[in-house]
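Atoms considered below: every heavy atom in the structure, side chains included; atoms not considered: hydrogens, waters and symmetry mates.
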Amino acid sequence: MHRSDIESSAIESTTIFKTVELVILKSTENLKPESNLLIFRSSTGELLNRPKPPIQVDGQWDGYVNAYVNADKLGVGSWSGYSYEIDEISGQLVNGKFTK
């Protein structure tokens, strides 16, 4: 998948920070987890990561709902109350913690 493959009508929010672009897609599921976070290399549009949400339980929606910058680090938060920093090189979620 490439950044140009994403239709603007499917996007809830975008955040560009240094070398990555985060795209949070609009929810399409009601009762199951949804991998709605896409992490792209901003210079090329290459998909780095599409992480699963932290809670993987049928009958319960979970996904990513916000992106933020804190202390010069990019992060995301999930509906279930987990926060993660994003490694700008690999696009991996790191330093996850329950914050709700």
(request) May I ask you to check whether Glu34 and Thr28 show a side-chain donor-acceptor distance below 3.5 Å? (result)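 Thr28 and Glu34 do have a side-chain donor-acceptor pair below 3.5 Å.
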(request) Please check if any side-chain donor atom of Ser42 sits under 3.5 Å from a side-chain acceptor atom of Thr19, or the reverse. (result) no
(message) Donor-acceptor check, side chain of Arg50 to backbone of Ser35, threshold 3.5 angstrom: yes or no?
(response) yes
(message) With rounding to the nearest 0.5 angstrom, report the CD to OG distance, Glu21 to Ser43.
(response)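 The OG atom of Ser43 is 11.0 Å from CD of Glu21, to the nearest 0.5 Å.
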(request) Could you state whether Leu47 and Ile11 fall into the same hydrophobic cluster, counting links through intermediate Ile, Leu, Val, Met, Phe, Trp or Tyr residues with side-chain heavy atoms under 4.5 angstrom apart? (result)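 They do share one cluster, since a chain of ILVMFWY contacts under 4.5 Å joins Leu47 to Ile11.
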(request) Work out which heavy atom in Gly77 is nearest to a heavy atom in Tyr68; give both atom names and the distance. (result)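 Minimum heavy-atom separation between Gly77 and Tyr68: N-CE2, 4.1 Å.
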(request) Taking all non-hydrogen atoms of both residues into account, name the closest pair between Gly45 and Phe40 and its distance. (result)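 Distance-wise, the nearest heavy atoms are O-CD2, 3.2 Å.
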(request) Give the other cluster members for Val69, using side-chain heavy-atom distances under 4.5 Å between Ile, Leu, Val, Met, Phe, Trp and Tyr residues; answer none if it is isolated. (result) Phe17, Val20, Leu22, Ile24, Leu37, Ile39, Leu48, Ile55, Val57, Tyr64, Leu74, Val76, Tyr82, Tyr84, Ile86, Leu93, Phe98
(request) Supply the members, apart from Leu31, of the Ile/Leu/Val/Met/Phe/Trp/Tyr cluster built from side-chain contacts under 4.5 Å; use none for a lone residue. (result) none
(request) Could you tell me which residues satisfy side chain to side chain donor-acceptor pair (under 3.5 Å) with Thr14, sequence neighbours excluded, listed by chain and number? (result) none
(request) Could you list the residues that satisfy side chain to side chain donor-acceptor pair (under 3.5 Å) with Ser4, not counting sequence neighbours? (result)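 Ser4 satisfies side chain to side chain donor-acceptor pair (under 3.5 Å) with His2 only.
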(message) Enumerate the salt bridge (Lys or Arg N to Asp or Glu O under 4.0 Å) contacts for residues 60-89, please, sequence neighbours excluded, ordered by first and then second residue.
(response) Lys18-Asp72, Lys73-Glu85
(message) Going by side chain to side chain contact (heavy atoms under 4.5 Å, CB included), name the residues that satisfy it together with Glu7, two or more places apart in sequence or in a different chain.
(response) Ser9
(message) Atom NZ of residue position Lys52 - does it have more than 12 heavy atoms of other residues, nucleotides or ligands inside 6.0 Å?
(response) no
(request) Begin with the C-alpha distance, continue with both residues' side-chain angles, and end with the deciding distance and a verdict on side chain to side chain contact (heavy atoms under 4.5 Å, CB included) for Leu25 and Ile6. (result) CA-CA 9 Å; Leu25 300 174; Ile6 309 301; 3.9 Å; yes
(message) Is any side-chain heavy atom of Pro53 closer than 4.5 Å to one of Ser78?
(response) no
